[in-house]
Amino acid sequence: MKLCELLVNIKALAIEGNTDIEITGINIDSRKICKGHLFVAIKGTVTDGHQYISKAIELGASAVLCETLPEKTANGVTYIKVESTEDAAGKAATAFYGFPSEKLKLIGVTGTNGKTTIATLLYNMFRKFGHRCGLLSTVCNYIEGKPVPADHTTPDPIELNRLLKCMADEGCEYVFMECSSHAIAQKRIGGLKFAGGIFTNLTRDHLDYHKTFENYRDAKKAFFDSMPKEAFVITNADDKNGAVMVQNTKATVKTYSTRTLADFRAKIIECHFEGMYIEINGMEVGVQFIGKFNVSNLLAVYGTAVMLGKKPEDVLLVLSTLKSVSGRLEPLRANEGFTVIVDYAHTPDALENVLNAIHEVLDGKGNVITVCGAGGNRDKGKRPLMAQEAVKQSDKVIITSDNPRFEEPQDIINDMIAGLTPQQMRKTASIIDRKEAIRTACMIAQKGDVILIAGKGHENYQEIKGVKHHFDDKEIVRDILGI
Ligand SMILES: CC(=O)N[C@H]1[C@@H](OP(=O)(O)OP(=O)(O)OC[C@H]2O[C@@H](n3ccc(=O)[nH]c3=O)[C@H](O)[C@@H]2O)O[C@H](CO)[C@@H](O)[C@@H]1O[C@H](C)C(=O)N[C@@H](C)C(=O)N[C@H](CCC(=O)O)C(=O)O
Ligand SMILES: Nc1ncnc2c1ncn2[C@@H]1O[C@H](COP(=O)(O)OP(=O)(O)OP(=O)(O)O)[C@@H](O)[C@H]1O
Ligand SMILES: N[C@H](CCC[C@H](N)C(=O)O)C(=O)O
Ligand SMILES: [Mg+2]
């Protein structure tokens, strides 16, 4: 593709060199540059991409998008100066890959919790309706059934547009994707055309990155602010920030709620560990999920499907066949008569909700033992709050390691325990080794009890000092229990 075609939606402040040249690829990482590529220099949180411009040229870059022109420019290389390369990267990437989001219906899901669940259920539902679909999510990306491993919840703009192009080429009609707050703030989704957007909820997370809750909220809101007039957005009327999110959007707004008047409403009629009977807009349906928050997730799925033109009765039929997403409230039964639930709750709010869901079903008929930790090099403020939530609704808590990353595991545990009173400490133990913590929980559990193993869900690794060691909560439970 010609460089000038790639720049169609980008406002250049200055151009040095020829834009009538062929570009063979585009990259924001100099290490991935090959001959004929465009290198986009981005100021990051760790380093500044502008430092790698000469490296990129050595590797064959024939054009550079930057915010400041280097003092010495290289012969035969075209330089384009823009105000924000972060903003230009997405626009250039989507042009390079032929505007793939315009060839399909792209639906984005944002909010603190529930993104993976909703995006995955929509993907499974629309495939059951017979459509070719794509999924971009934390657990794994899929191009019409073909898995493509995911490193991020939302990939960088180059990888994102490359995957969307593959999906469009494969004939996908719908793509469901998670939009993380990092991705929105860093404009990884810049230049994409969304047909719909979903807001789940907003509670504390990622304050290491966004610094304040207001910044975090505004990052999420920016997604809806940028939605086009022809699109629809579905927001959670039960969340304090549900209305704020959509107050400046040009798109058609619909609401969902389990508590108040809304376009899509639901309530629980009955629940068991196997599932629930719920009523959606006056129609009853049996679903294979538990927990009030999953009713909200299912409502978002239902509303989106209806907004995409599906008949309500057909949607409910498919909804009743959907199963829980890997590592999200996933139950495992021990021969000894207790239940182990593996869940990805890694925020105070998610822990509270998951424990609520467990108690709704348990109904006082057994004890709850919670095994949880908190990730290293991430929001420290959530640690004591997570321990408090675990202790509030458990009979016994074992605080352990999550992904310590570059921190000392004991320091993270200490941060968590600092949130507990001496009385709460009496029902709390700490075991650094996560496998030992799980084994201990399985040893003390009695018939009828529930063990919640929270924080890692689908993850099949434990990240310690930059190395990802194989580690899978579900595999370990099956091993210990011989199931
Ligand atoms: C804090 C954060 O979000 N960081 C992301 C960000 O990196 P950064 O700003 O730190 O980049 P940097 O390392 O400072 O480098 C600046 C630029 O120089 C370039 N560079 C760097 C070195 C070099 O030799 N050559 C070179 O060109 C880099 O490619 C980059 O373009 O941009 C990179 C490219 O898009 C991301 O890979 C990186 O994700 C890091 C690894 C990360 O851990 N991110 C997490 C926090 C994240 O994004 N999480 C969200 C949400 C999770 C959830 O709740 O679901 C996600 O979407 O996954
Ligand atoms: N609607 C919801 N409200 C509150 N908590 C939820 C909701 N849905 C899921 N959860 C809890 O949050 C955890 C993560 O769910 P899920 O993976 O769907 O969210 P996510 O938004 O994709 O998270 P991430 O930001 O890590 O990608 C679940 O394991 C569950 O404990
Ligand atoms: N996508 C989230 C997941 C956290 C999962 C938890 N296991 C941890 O490592 O903290 C993040 O990057 O903050
Ligand atoms: Mg996710």
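By convention here, the first residue in the shown sequence is residue 1. As the structure is a computational prediction, the values presented were derived from the model and not from experiment. Whatever order the structure lists them in is the order used to number ligands and atoms, beginning at 1.
- Met283 has its side chain within reach of Tyr302: a pair of non-hydrogen atoms, C-beta onward, lies under 4.5 Å apart.
- Given atom 10 (O) of ligand 3, the protein heavy atom at minimum distance is Gly375 CA, 3.3 Å.
- Contact check for Phe289 versus Met276: side-chain heavy atoms found under the 4.5 Å cut-off.
- Among all protein heavy atoms, the one lying closest to atom 12 (O) of ligand 2 is Asn113 OD1, 3.4 Å.
- For the pair Ser296 and ligand 2, the shortest N or O to N or O distance does not fall below 3.5 Å.
- Which parts of ligand 2 touch His346 is read off a 4.0 Å heavy-atom cut-off, strictly below it: atoms 26 (O).
- At least one donor-acceptor pair under 3.5 Å links the side chain of Gln288 to the backbone N or O of Ser320.
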Go through the steps for His458 and Arg328 under the test side chain to side chain donor-acceptor pair (under 3.5 Å), then give the verdict. CA-CA 8 Å; His458 65 281; Arg328 272 71 182 162; 2.7 Å; yes

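- Using cut-offs of 30° and 60° on the angle between ring planes, the pair Phe126 and Phe129 is perpendicular.
- Considering every non-hydrogen atom in both Ala390 and Ser394, the closest pair reads O-OG, 2.6 Å.
- Counting only distances under 2.8 Å, and ignoring water, the protein N, O or S atoms around the Mg ion (ligand 4) are Thr116 OG1, Thr138 OG1, Glu178 OE1.
- Side-chain N or O atoms of Gln393 include one that pairs as donor or acceptor with a backbone N or O of Glu352 at under 3.5 Å.
- Of the listed residues (Asn353, Thr347, Asn297, Thr200), just one forms a side chain to side chain donor-acceptor pair (under 3.5 Å) with Asn113, and that residue is Thr347.
- Checking Lys292 against Thr258 by side-chain atom types alone, no donor-acceptor pair falls below 3.5 Å.
- Nearest to atom 8 (N) of ligand 2 among the protein's heavy atoms is Asn297 ND2, 3.0 Å.
- Taking any N or O of Asn201, backbone or side chain, at least one lies under 3.5 Å from an N or O belonging to ligand 2.
- By the criterion of a heavy-atom distance under 4.0 Å, both the backbone and the side chain of Thr116 are placed next to ligand 2.
- Checked against a 3.5 angstrom limit, the closest N/O atoms of Lys115 and ligand 2 fall inside it.
- In the model, Thr112 has a side-chain atom that pairs as donor or acceptor with a side-chain atom of Tyr216 under 3.5 Å.
- Residue Asn403 has at least one N or O atom closer than 3.5 Å to an N or O atom of ligand 3.
- Contact atoms of ligand 2 toward Thr153: 27 (O) (distance under 4.0 Å to a heavy atom of the residue).
- Remark: minimum distance from atom 30 (C) of ligand 2 to any protein heavy atom is reached at Asp343 OD2, 3.3 Å.
- Considering backbone and side-chain N/O atoms, Asn294 never comes within less than 3.5 Å of an N/O atom of ligand 2.
- Just one residue in the list Arg434, Lys456, Lys435 forms a salt bridge (charged side-chain N to carboxylate O under 4.0 Å, His left out) with Asp473, and that residue is Arg434.
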Quick one: do Asn248 and Lys221 satisfy side chain to side chain donor-acceptor pair (under 3.5 Å)? Show the steps, please. CA-CA 9 Å; Asn248 299 108; Lys221 182 173 173 288; 2.6 Å; yes

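- With a 6.0 Å radius and a threshold of 12 heavy atoms from other residues, nucleotides or ligands, Tyr277 has its OH atom at or below the threshold.
- Between Gly114 and ligand 2, an N or O atom pair is found at a separation short of 3.5 Å.
- Of the listed options Arg378, Gln462, His346, Arg378 places a heavy atom closest to atom 11 (C) of ligand 3.
- Of the protein's heavy atoms, Tyr344 CD2, 3.9 Å lies nearest to atom 14 (C) of ligand 2.
- Close approach of ligand 3 to Arg405 is summarised as follows: ligand atoms under 4.0 Å from at least one heavy atom of the residue are 8 (C), 9 (O), 10 (O).
- Of all protein heavy atoms, the one closest to atom 11 (C) of ligand 2 is Ala350 CB, 3.8 Å.
- Closest to atom 6 (C) of ligand 3 among all protein heavy atoms lies Asp402 OD1, 3.3 Å.
- The aromatic rings of His182 and His210 sit tilted, their planes meeting at an angle between 30° and 60°.
- The closest approach between a heavy atom of Glu463 and any atom of ligand 3 is not below 4.0 Å.
- For the pair Asn294 and Val287, the minimum side-chain heavy-atom distance is 4.5 Å or more.
- Taking atom 7 (C) of ligand 2 as the reference point, the nearest protein heavy-atom neighbour is Phe293 CD1, 3.3 Å.
- The shell of residues lying under 4.0 angstrom from ligand 2, judged by heavy atoms, includes Thr112.
- In plain terms, the two heavy atoms of Gly455 and His346 that are nearest each other are O-CB, 4.2 Å.
- Ligand 3 places these atoms under 4.0 Å from at least one heavy atom of Glu459: 5 (C), 6 (C), 7 (N).
- Under a 4.0 Å criterion applied to the non-hydrogen atoms of Val354, ligand 2 contributes the atoms 30 (C), 31 (O).
- The closest protein non-hydrogen atom to atom 27 (O) of ligand 2 is Thr138 OG1, 2.9 Å.
- What sits closest to atom 18 (O) of ligand 2 on the protein, heavy atoms only, is Thr117 OG1, 2.5 Å.
- Here the rule is side chain to side chain donor-acceptor pair (under 3.5 Å) with Asn403, and of Arg378, Glu459, Glu463 only Glu459 fits it.
- Checking Glu159 against His152 by side-chain atom types alone, no donor-acceptor pair falls below 3.5 Å.
- Protein heavy atom nearest atom 3 (C) of ligand 3, with residue, atom name and distance: Tyr344 OH, 3.1 Å.
- Of all the atoms in ligand 3, the ones that sit under 4.0 Å from a non-hydrogen atom of Gly455 are 5 (C), 6 (C), 7 (N).
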Applying side chain to side chain donor-acceptor pair (under 3.5 Å) to Gln410 and Asn414, what does each step give before you reach the verdict? CA-CA 6 Å; Gln410 188 62 52; Asn414 292 346; 3.0 Å; yes

